[in-house]
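Heads up, the thing below is written out as structure tokens.
Quick caveat: nothing in here was measured; it's all calculated off a predicted structure.
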Amino acid sequence: MKGLVVDKRKYKMAINEADKELQIQVHGLMREEDTESYMGDFQETIGKVNKNSYTLVIDGTYQTTVPSKVVPQLEQILTFYSTLGFKEVVVVKPSSKIAQVQLRNALERIDFEGTLVDSV
């Protein structure tokens with residue numbers, strides 16, 4: 001990832017100025033206790049870009065299945081991404097089939113205006 005700004009065990013955030021992308025990669029299982037530091041890092045990182053000219057790329061390739069009690073939070077964060085004013089929001093499907101189903105189900109339950117892709 002070019003332009004890495006946050007490099008933590010569970011997630012990475014990078015600003016790719018050439019492609020005008022804010023790239024986020026999620027690794028493994030995001031637990032409830034991970035979300036607070038994630039949101040703090042996320043808020044700080046998006047403050048560094050002009051959102052209406054950048055694409056937000058959420059790369060879930062390495063994301064694993066989330067516990068069923070966390071699914072509502074998945075829906076909330078996807079809704080949140082849609083409301084931030086980015087030029088476009090792109091979500092990369094997880095390689096895990098079960099995680100793909102969870103993501104697809106969450107996207108069907110919310111008003112998500114982004115794009116779901118197989119890979120970056």
For this session: Determine, step by step, whether V117 and K93 satisfy the side chain to side chain contact (heavy atoms under 4.5 Å, CB included) criterion, reporting the C-alpha distance in whole Å, the side-chain angles of both residues, the deciding distance to 0.1 Å, and the verdict.
Result: CA-CA 6 Å; V117 297; K93 290 180 194 170; over 6 Å; no
Problem set entry | From CA spacing to verdict: side chain to side chain contact (heavy atoms under 4.5 Å, CB included), K12, D7 | CA-CA 5 Å; K12 299 179 182 336; D7 187 1; 2.6 Å; yes
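One hydrophobic cluster, built from ILVMFWY side chains closer than 4.5 Å, holds both M39 and L78. In the hydrophobic clustering of ILVMFWY residues, with side-chain heavy atoms under 4.5 Å counting as a link, V49 and I24 come out together. Hydrophobic clustering (side-chain heavy atoms under 4.5 Å, transitive across Ile, Leu, Val, Met, Phe, Trp, Tyr) groups I110 together with I77. The hydrophobic cluster containing F42 does not contain V57, counting ILVMFWY residues as joined when their side-chain heavy atoms lie under 4.5 angstrom apart, directly or transitively. Residues V26 and M13 share a hydrophobic cluster, clusters being chains of Ile/Leu/Val/Met/Phe/Trp/Tyr side chains in contact below 4.5 Å.
In this structure the side chain of Q43 never reaches within 4.5 angstrom of the side chain of D41, judged on heavy atoms. Contact check for F86 versus T55: no side-chain heavy atoms found under the 4.5 Å cut-off. For the pair Q23/N16, a side-chain contact is recorded, criterion being any heavy-atom separation below 4.5 Å from C-beta on. The shortest side-chain heavy-atom distance between I58 and V90 does not fall under the 4.5 Å cut-off. By the 4.5 Å heavy-atom criterion applied to side chains, S96 and T64 are not counted as neighbours. In this structure, D59 and Y11 have side chains that are not in contact, with every pair of non-hydrogen atoms separated by 4.5 Å or more. Residues E17 and I15 have side chains in contact (heavy-atom distance under 4.5 Å, counting atoms from C-beta outward).
Remark: the backbone N or O of E21 is not paired with any side-chain donor or acceptor of D19 at under 3.5 angstrom. A donor-acceptor distance shorter than 3.5 angstrom exists from the side chain of Q102 to the backbone of V66, with no hydrogens or angles considered. Listed for the Q100 side chain is a donor-acceptor partner under 3.5 Å among the backbone atoms of P94. Counting only distance, with no hydrogens or angles, the side chain of S95 and the backbone of T61 share a donor-acceptor pair below 3.5 Å.
Listed by chain and residue number, Q73 satisfy the side chain to side chain contact (heavy atoms under 4.5 Å, CB included) test with Q76 (two or more places apart in sequence, or in another chain). Judged as a ring-ring contact (aromatic ring centres under 6.0 Å, His included), and not counting sequence neighbours, F112 has no contacts.
Atom-to-atom distance recorded for L84:CG and K51:NZ is 6.5 Å, nearest 0.5 angstrom. With rounding to the nearest 0.5 Å, the separation of CG in L116 from CG in L107 is 6.0 Å.
E88 and T115 get closest at one heavy-atom pair: OE2-OG1, 3.4 Å. Contact detail for Q25 and H27: the closest heavy-atom pair is OE1-NE2, 3.0 Å. The nearest pair of heavy atoms linking L29 to P67 is CD1-CD, 3.4 Å. Nearest heavy-atom pair across R109 and V71 is NH2-CG1, 3.3 Å. Among all heavy-atom pairs drawn from L74 and A106, the shortest one is CD2-CB, 4.0 Å. Contact record, V92 with S119: CG1-CA, 3.7 Å, taken as the closest heavy-atom pair.
Heavy-atom neighbours of E108 CD from other residues, nucleotides or ligands within 6.0 Å: above the threshold of 12. In the displayed structure, I98 atom CD1 is contacted under 6.0 Å by at most 12 heavy atoms of other residues, nucleotides or ligands.
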